[in-house]
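Letters go in sequence order (proteins before strands), and every chain restarts at 1. A quick note: this is a predicted structure, and the numbers were derived from the prediction, not measured.
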Number of protein chains: 2
Amino acid sequence: MTHDHDTIVKSTRDSMPNMDTMFELADFFKVFSDSTRIRIMCALFEQELSVCCIAETLSMEQSTISHQLRILRRENLVKVRKDGKQSYYSLADEHIKQIFEMGLEHISE
Amino acid sequence: MTHDHDTIVKSTRDSMPNMDTMFELADFFKVFSDSTRIRIMCALFEQELSVCCIAETLSMEQSTISHQLRILRRENLVKVRKDGKQSYYSLADEHIKQIFEMGLEHISE
DNA sequence: TGAACATATGAACAAACATTCATACGTTGA
DNA sequence: TCAACGTATGAATGTTTGTTCATATGTTCA
């Protein structure tokens, strides 16, 4: 780059959020970037479900679902309730629906 | 799974969006799941910028930025205006800011 | 108590992805 | 026209990540 961009570069940098914030933002959206996790969350929109019930609903292996639920749990998007042998998962945040709506809105354009 | 979940599985499946929709949704969020792309979009919030200007703002290689801009272009999140040697990129959609806001809201909890 | 079941998790594997390097293409101005 | 510059892109590379397999943990019930 030869021409003088110093002013623009500087003011652009100043206008941007903190580095940390932008990395966190990417990490947050990363959770929604996998179709299995999306499908799990969609399944949980109506009611809480056990792990094997989710697995059967999605026609996927129990292990796969458990691994993905772990990620959703870590990110505080779902919560667990244990009852006997089963673990019942539900959405931790009503917020999630809004985020879905927003994505759907963009897709339908 | 031994106990009878057929009813729940069936009604859950019925309540869920189309498969295609859920895959598209994941693909949409995938675009936001990378910190470089997030940073590029943040840089473009204020004004259109040339490729080399973005690269310098983020202290990253021009090639890296070009590759990521290609993805953002493919997903219709940025648009290009060519002027002489330079390509000026800008956000294609005011929508994007809303999506960012929503993510930031969740992070700050 | 032991067998059947539900869930969680580590290791291995394959696929997806971001970055870098090298280079090609197009534009400008001397 | 040729050199310098800005941008785009294919190939190579290393890393991340989702899925599978095997298995461990914990619970229920006969």
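Here the P atom of nucleotide C:dT19 and the CD1 atom of B:Ile40 are 9 Å apart, to the nearest Å. Rounded to an integer number of Å, the gap from CZ of A:Arg74 to C1' of C:dT9 is 13 Å. In this structure, the CD1 atom of B:Ile65 is 15 Å from the P atom of D:dG6, given to the nearest Å. In this structure, CZ of B:Arg39 is placed 15 Å from P of C:dA18, rounded to the nearest angstrom. Following rounding to the nearest Å, B:Leu49 (CG) and D:dG6 (C1') show an atom-to-atom distance of 15 Å. With rounding to whole Å, A:Asp34 atom CG is found 12 Å from C:dA16 atom P. Atom CD of A:Glu61 and atom C1' of D:dC21 are 8 Å apart (whole Å).
Taking side-chain N and O atoms only, B:Gln68 has a distance below 4.0 Å to OP1 or OP2 of C:dT19.
Across all their heavy atoms, A:Thr36 and A:Leu58 have their closest contact at O-CD1, 4.2 Å. When all heavy atoms of B:Lys30 and B:Arg37 are compared, the closest pair comes out as O-NH2, 3.1 Å.
Among A:Ile40, A:Ile96, A:Leu72, the single residue meeting the side chain to side chain contact (heavy atoms under 4.5 Å, CB included) criterion with A:Leu91 is A:Ile96.
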query: Which letter, B, S or -, goes with each nucleotide of nucleotides 7-12 of chain D from 5' to 3', with contact meaning a protein heavy atom under 4.0 Å?
result: BBBBB-
